[in-house]
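Only a predicted model underlies this, so the values are computations on that prediction, with no experimental measurement involved. Atoms within a ligand are numbered from 1 in the order they appear, just like the ligands themselves.
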Amino acid sequence: MKAPSPRGLALALLLEVERGGRSQLLLDRALDRVGWPEREKAYVTHLVYGVLRRLRLLDHLLEPHLEAPKKLPPEVRWILRLGAFEWLCGKPGHARVSPWVEEAKRRYPPLAGLVNAVLRRLGPREAPECVRLSLPDWLCEAWRGFFGEVGFAEGFNEPAPLFVTAYRPLDLRPGPIPDSYVWEGPKADFPALGLQPQNPASLFAAQLLKPKPGEKVLDLCGGAGLKAFYLAAKGARVVSYDQNRKRQEAGARTARRLGLEVAYRTQDLRVPLSERAGKVLLDAPCTGTGTLRAHPELRYRLRPEDPGEMAALQLALLETAARATEEGGVLVYAVCSLTEAEGEGVARTFLERHPEFRPEPIACPLPTLREGLGTYVAPREGLDGFYYLRLRRVDSRA
Ligand SMILES: C[S@@+](CC[C@H](N)C(=O)[O-])C[C@H]1O[C@@H](n2cnc3c(N)ncnc32)[C@H](O)[C@@H]1O
């Protein structure tokens, strides 16, 4: 079989996302296999992420030119969206239209004429803000209600630098917080260089624990261990818990390559732990609404009831984390989500049930969206959206 072109590969990946695949995973796997120059790989990434991030707007722009878009074969719909995306990026006429017409001729010859006509006719069209931001109405309106504006979501539709956390000194462009850097070269073997790809907003959750050498830290819902690596690098004795053994095994391999020591224990954390510590991090599972840049398709898959359902699980996990926190100790709760339910909602309910915990102020060096009991990080300048709550256990329970 003939190897696909970058455009053909982007189209194939978008069809897989439509069948339920995850764009980041699909792109990583596909681009690892092709022996193409970095420029061509970057073009595929630009097309796949760009179309998914702007999908609602692209369909809105195409709508007046199509009689029954839903009846079109999926390949042709995605070809039209890809062409419309390149129009949105300002690519000039011929270079923008003819490659997509060729793609249509290869896959669906009878509709190549339609692709040609529609892509040539495209023009600007007024769009409501939620459509312009390509957000589902329920999420867009929830954000507008809670944060007072939703323009920040534009940050999810722009590409971001590749942030890395450095575990040995290297001469790189600094990121927004200590130990965070921007990787500007081609894809590299990061562990061999002592680097770990990580968004600064994720790193900052671990920094909130202010780990000291020799101190015991429990890393709850540690997964493949991004935050555990930072804690271990600062000399803490880290015990990382998660229910997913595969993720932990991947974490253990990376820790070895980075020369870091982390103890892994596999457990469902809705069940209490048999140990405690003076510092506890709960990086809870969440809707991921702060990560719509790297996971653009998520916005179309989430349901309005998801944040509430996640909050119930987060509160159950916080119970375990609270019991595992020693008197006088610190408990940090973090989620890569920007919903009220999973952030301030969880914080309010938890503090009503646990008067022995007090929220502590967070001096956040990252841009924020809203501060209350905890802090919401704005998804600007390539940052993921996050919510952090730092709690101190002030006395023992009666
Ligand atoms: C946000 S991710 C953790 C990311 C990780 N802390 C990091 O920095 O790389 C949430 C994790 O919660 C874990 N998880 C979900 N439900 C759980 C449960 N009931 N008990 C234990 N772990 C759970 C998932 O396996 C997942 O690894």
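- Asp219 and Arg265 are not joined by a salt bridge, as no carboxylate oxygen comes within less than 4.0 angstrom of a charged side-chain nitrogen.
- A centroid separation of 6.0 Å or more is found between the aromatic rings of Tyr181 and Phe163.
- Taking a cutoff of 4.0 Å between a charged side-chain nitrogen and a carboxylate oxygen, Glu297 and Arg22 do not qualify as a salt bridge.
- Thr368 places no side-chain N or O within 3.5 Å of a backbone atom of Cys364 that could act as its donor or acceptor partner.
- Scanning the protein for heavy atoms near atom 8 (O) of ligand 1, the closest one is Lys227 NZ, 2.9 Å.
- Taking a cut-off of under 4.0 Å to the non-hydrogen atoms of Arg270, the atoms of ligand 1 that pass are 19 (N).
- Close approach of ligand 1 to Gln267 (heavy-atom distance below 4.0 Å) involves ligand atoms 20 (N), 21 (C).
- Protein heavy atom in closest approach to atom 15 (C) of ligand 1: Pro285 CG, 3.4 Å.
- Residue Asn244 has at least one heavy-atom neighbour below 4.0 Å for each of these atoms of ligand 1: 25 (O).
- Protein heavy atom at the shortest distance from atom 20 (N) of ligand 1 is Leu269 N, 2.8 Å.
- Phe147 and Tyr376 have their aromatic ring centers within a separation under 6.0 angstrom.
- In this structure, a donor-acceptor pair under 3.5 Å is present between the side chains of Gln314 and Glu342.
- Of all the atoms in ligand 1, the ones that sit under 4.0 Å from a non-hydrogen atom of Gly223 are 27 (O).
- For the residue pair Thr339 and Ser337, no side-chain donor N or O sits within less than 3.5 Å of a side-chain acceptor on the partner.
- Scanning Gln198, Arg247, Gln243 for the heavy atom closest to atom 24 (C) of ligand 1 points to Arg247.
- Relative ring orientation between Tyr387 and Tyr333 is described as perpendicular, the plane-to-plane angle rising above 60° on a 0-90° scale split at 30° and 60°.
- Shown in contact with Gly222 at under 4.0 Å from a heavy atom are these atoms of ligand 1, numbered in order with element: 5 (C), 6 (N), 7 (C), 9 (O).
- Between Leu313 and ligand 1, not a single N/O pair is under 3.5 Å apart.
- Only backbone heavy atoms of Ala284 (N, CA, C or O) come within less than 4.0 Å of ligand 1; its side chain stays farther off.
- Tyr167 and Val164 are not part of a single hydrophobic cluster, where members link through side-chain heavy atoms under 4.5 Å apart.
- In terms of protein heavy atoms, atom 3 (C) of ligand 1 is closest to Cys221 O, 3.1 Å.
- For atom 25 (O) of ligand 1, the choice among Leu226, Asp242, Asp268 with the nearest heavy atom turns out to be Asp242.
- Set against the non-hydrogen atoms of Asp283, the atoms of ligand 1 under 4.0 Å away are 1 (C), 3 (C), 4 (C), 5 (C), 6 (N), 7 (C), 8 (O), 10 (C).
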